[in-house]
Undergrad: 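Attaching a single structure in structure tokens format; questions to follow.
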Amino acid sequence: MTLSDAVAHLSPHRWARANRLLIRKALAEFAHERLITPEATADGRFEVLSDDGLTRYGFTSVRRALDHWQVDADSITRQRDGVDLPLAALDFFIELKKSLGLSEEILPVYLEEISSTLSGTCYKLTKPQTPVAQLMESGFQAIETGMTEGHPCFVANNGRLGFGVHEYLSYAPETASPVRLVWLAAHRSRAAFTAGVGIEYETFVREELGTETVARFNSLLTAQELDPADYLFIPVHPWQWWNKLTVTFAAEVAQQSLVCLGEGDDEYLAQQSIRTFFNSSAPEKHYVKTALSVLNMGFMRGLSAAYMEATPAINDWLAGLIDSDPVLKSTGLSIIRERAAVGYRHLEYEAATDKYSAYRKMLAALWRESPVSSLQEGESLATMASLVHVDHEGNGFAAALIEHSGLTPAEWLRRYLKAYFTPLLHSFYAYDLVFMPHGENVILVLKDGVVERAIYKDIAEEIAVMDPEAVLPPTVERLRVEVPEDKKLLSIFTDVFDCFFRFLASNLAEEGVLDEEDFWRTVAETVRDYQHSMPELADKFAQYDMFASEFSLSCLNRLQLRNNKQMVDLADPAGALQLVGNLKNPIAGL
């Protein structure tokens, strides 16, 4: 690749389109979070003024349930002193920095994240434009890498600060570049391997790497007069090796506590979560999740060695709970378990930092089951994020599935809700158990366009038990969190209604597939059907009312605008919520 090839995607017309699309999202989501208040104008449009009142952003928009602004990107104009100006996202944030609460410290870093997000959009605009009808038939990983928007709520959602352009082209999921992981041998005095029931280290590593590769790695150790029995193998993101471990862990390498073994033989594809890899050489093998010290969407994407130690046990516990619960089993719910984990503890950095420090999250990995081997005849997989994907012609992936299924839109939605939403309701009401069930954390099993069942993933770091009295095994105790009573149901109202259904309902209404009232009525019916089936939980249904007239508006962008390096205090996640007024509950009264 030449120097100019590396930036070939950054052309004037693509940059203009990327800026228009990002400002559209900013206007919509910042209006939703009440950071800006668009005013209606006499000609039926809306207008937002800059902080100094001199720049005007005009646009048309449909306003939908949950205070959702469906802004028409092509309608947006920008004027200053009556003169038309091009749309420029960096200028937008500078012009509205006071409204958005961007401090002098945060603003330049946030602008860098916006620049990276725009650059990523430009790259996506160079790819062949795949209609959703074709994408639907393209296979699991083609769908995964074909997602163009990222998180639907966050405006700066592809920051990836730390990646240079050549690394973006090598490791970003949308580039679909094959990646070979770097493998290190880590001395057992500082490293630990933990696994689920029935998994033993040597056998597991041999199955993942292959006998020949294990033998090759062992011979590299013996050639340096080191005993392979003293070491554990750890897979590492190539970026992490080149940019962090070779420098930050220099002492460990010099003293042979860490030994570089080279690349493995299998090729992987980065997933939407950026630090998780799907084995494209052997799809039935495990995903590998790695530490990646890149700043992306409000957090450094490291992986804690200490957290990894309990990860397999937590997954076994949850898998057992699902397997023993008739309601969850009846929905077809499953999880892809994080079956094994390995972490390396840098004792000096641990002595110098608290347990939440990024310096403790630089070298760890986990292996997560692949869903491929669980498929039945005629079934296929798609990330749930695909349901809110819209192609270049304005057609939605969900609408394409509905058409392909032959079902009525309401019946298709009902099947999807039973697979995805009913398990969330039951987990909450029966066990005080909550997930982080956004689009990237759920895989849908499809057959003839119909959602057959849901697979939850990213378990150990994302689930929580909110019952202070729950009896939990010691290895699972860390899941217990204290959440104020009035905030508990936000795990469904915010994560499901506001951060996912809001977009799905809007897209289906925009395409004329299913109007909003029918969408939310179907959601309400799903809740009622579940509640009627569980009369023994009536007190809980009354205590945490899914049909309450309104619920608190929890604002995600406000978190990132306030502190884009660590949006949430990990010691008190509930306390970090940015709550601004209320939203009308779209299923109240239905």
Side-chain angles (χ1 to χ4, degrees), residues 28 32 60-72 132-133 136 152-153 331-332 382 384-391 393-426 437-439 442 444 446-454 489 492-533 541 545-551 553 582-590:
H32 174 71
T60 61
S61 179
V62 177
R63 296 187 66 176
R64 300 196 183 278
L66 290 171
D67 204 13
H68 181 68
W69 291 73
Q70 189 162 25
V71 176
D72 177 4
V132 288
M136 189 174 60
C153 298
T331 66
M384 195 175 82
S386 64
L387 295 190
V388 294
H389 172 72
V390 177
D391 68 16
E393 296 172 341
N395 299 317
F397 191 84
L401 289 176
I402 291 169
E403 183 177 355
H404 180 62
S405 74
L407 300 175
T408 65
E411 179 57 30
W412 183 93
L413 180 62
R414 191 171 288 110
R415 302 270 194 100
Y416 159 64
L417 292 171
K418 181 184 179 184
Y420 163 67
F421 187 45
T422 299
L424 295 175
L425 291 170
H426 187 63
H438 55 65
V442 179
L444 301 176
L446 304 169
K447 187 172 184 179
D448 299 325
V450 181
V451 178
E452 294 280 296
R453 50 197 166 89
L489 204 48
I492 291 178
F493 283 144
T494 297
D495 295 345
V496 181
F497 280 26
D498 194 31
C499 293
F500 198 78
F501 287 175
R502 171 164 64 96
F503 299 93
L504 180 58
S506 179
N507 289 353
L508 293 174
E510 174 71 8
E511 292 184 74
V513 174
L514 184 68
D515 68 45
E516 280 193 285
E517 189 168 336
D518 286 339
F519 181 98
W520 290 110
R521 183 179 294 108
T522 307
V523 173
E525 288 169 358
T526 300
V527 175
R528 285 221 164 80
D529 288 346
Y530 167 68
Q531 292 185 346
H532 289 153
S533 75
F541 300 147
D545 184 7
M546 281 295 302
F547 296 95
S549 60
E550 56 186 22
F551 58 86
L553 167 59
N582 294 319
L583 291 172
K584 291 182 180 178
N585 183 357
I587 69 169
L590 293 181

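Note that the coordinates shown come from a computational prediction; the quantities given were computed from them, not determined experimentally.
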Undergrad: Is Arg414 salt-bridged to Glu411, cutoff N-O under 4.0 Å?
TA: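 Here Arg414 pairs with Glu411 in a salt bridge, since their nearest N and O are under 4.0 Å apart.
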Undergrad: Donor-acceptor pair, Tyr420 side chain versus Pro437 backbone, under 3.5 Å?
TA: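 Yes.
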Undergrad: I want to check something: taking the side chain as every heavy atom from C-beta on, are Trp69 and Arg63 in contact at a cut-off of under 4.5 Å?
TA: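 A side-chain contact under 4.5 Å exists here.
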Undergrad: State the OG1-NE2 distance between Thr331 and His426, to the nearest 0.5 angstrom.
TA: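 If I round to the nearest 0.5 Å, the distance is 9.0 Å.
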Undergrad: Which distance, rounded to the nearest 0.5 Å, do you find between the CD of Glu452 and the CZ of Arg415?
TA: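 It is 7.5 Å, given to the nearest 0.5 Å.
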Undergrad: Rounded to the nearest 0.5 Å, how far apart are CD of Glu511 and CD1 of Ile402?
TA: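 Output value for this atom pair is 8.5 Å.
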Undergrad: According to salt bridge (Lys or Arg N to Asp or Glu O under 4.0 Å), who are the partners of Arg453, at least two apart in sequence or on a separate chain?
TA: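 Applying salt bridge (Lys or Arg N to Asp or Glu O under 4.0 Å) to Arg453 gives Glu379.
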Undergrad: Quick one: are Leu387 and Tyr416 in side-chain contact, heavy atoms under 4.5 Å?
TA: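 Answer yes - side chains close enough.
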Undergrad: Any idea which heavy atoms bring Pro423 and Ala419 closest together, and the distance?
TA: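 Heavy atoms only, the tightest pair is CG-O, 3.3 Å.
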Undergrad: Kindly say whether Arg502 contributes a backbone atom to a donor-acceptor pair with the side chain of Ser506 at under 3.5 angstrom?
TA: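 No, because the side chain of Ser506 does not come within donor-acceptor range (under 3.5 Å) of the backbone of Arg502.
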Undergrad: Do you know the tightest heavy-atom contact between Leu590 and Pro586?
TA: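 Nearest pair, atom of Leu590 first, then Pro586: CD1-O, 3.2 Å.
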Undergrad: If we check side-chain contact (heavy atoms from CB on, under 4.5 Å) with Met546, which of these qualifies: Ile587, Val523, Asn585?
TA: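 Passing option: Ile587.
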Undergrad: Mind checking salt bridge (Lys or Arg N to Asp or Glu O under 4.0 Å) for Glu517 and listing every partner two or more places apart, or none if nothing turns up?
TA: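 With sequence neighbours excluded, Glu517 shows a salt bridge (Lys or Arg N to Asp or Glu O under 4.0 Å) to Arg521, given in chain and number order.
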Undergrad: Do Phe519 and Pro409 come within less than 4.5 Å of each other through their side chains, counting heavy atoms only?
TA: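 Not touching, per the 4.5 Å side-chain cut-off.
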Undergrad: Taking side chain as C-beta onward, heavy atoms only, is Phe501 less than 4.5 Å from Leu66?
TA: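 Not touching, per the 4.5 Å side-chain cut-off.
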Undergrad: So, does Trp520 use its side chain to make a donor-acceptor pair with the main chain of Ala505 at under 3.5 Å?
TA: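 Answer holds: no.
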Undergrad: If you round to the nearest 0.5 Å, how far is CG of Asp498 from SG of Cys153?
TA: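 Cys153 SG to Asp498 CG: 6.0 Å, rounded to 0.5 Å.
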Undergrad: Got more than 12 heavy atoms from elsewhere within 6.0 Å of CD, Glu403?
TA: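 Not buried by this count: 12 neighbours or fewer within 6.0 Å.
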Undergrad: Please examine the side chains of Leu553 and His32, heavy atoms only from C-beta on, and report whether any two atoms are closer than 4.5 Å.
TA: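 Yes, their side chains come closer than 4.5 Å.
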Undergrad: Given side chains that start at C-beta, do those of Val390 and Asn395 come closer than 4.5 Å, heavy atoms only?
TA: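 The answer is no, as the side chains (C-beta and beyond) never meet within the 4.5 Å cut-off.
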Undergrad: Calculate, to the nearest 0.5 Å, the distance between atoms NZ and OG1 belonging to Lys418 and Thr526 respectively.
TA: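 Atom-to-atom, Lys418:NZ and Thr526:OG1 are 10.5 Å apart.
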Undergrad: Would you name the heavy atoms of Asp545 and Leu489 that are closest together and state the gap between them?
TA: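 That closest heavy-atom pairing would be O-CD2, 3.6 Å.
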Undergrad: Nearest 0.5 Å, what's the NE2-CE distance between His404 and Met136?
TA: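 Rounded to the nearest 0.5 Å, the NE2-CE separation comes out at 5.0 Å.
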Undergrad: Could you pull out all residues at least two apart from Asp391 that satisfy salt bridge (Lys or Arg N to Asp or Glu O under 4.0 Å)?
TA: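 In terms of salt bridge (Lys or Arg N to Asp or Glu O under 4.0 Å), with neighbours along the sequence ignored, Asp391 is linked to no residue.
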Undergrad: How about Phe500 and Phe421: are their ring centroids closer than 6.0 Å?
TA: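 They do not qualify: ring centres at least 6.0 Å apart.
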Undergrad: Determine the minimum heavy-atom distance between Gly449 and Trp412, stating which atoms define it.
TA: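 Closest pair (atom of Gly449, atom of Trp412, distance): O-NE1, 2.7 Å.
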Undergrad: Looking only at heavy atoms, what is the nearest atom pair of Ala588 and Ser549, with distance?
TA: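 Minimum heavy-atom contact is CB-CA, 3.9 Å.
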Undergrad: Counting distance only, does the side-chain N/O of Gln531 pair as donor-acceptor with the main-chain N or O of Phe541 below 3.5 Å?
TA: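 Not a single qualifying donor-acceptor pair exists.
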Undergrad: Mind listing the closest non-hydrogen atom pair of Ala454 and Val442 along with its distance?
TA: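 Shortest heavy-atom separation between Ala454 and Val442 comes out as CB-CG1, 4.2 Å.
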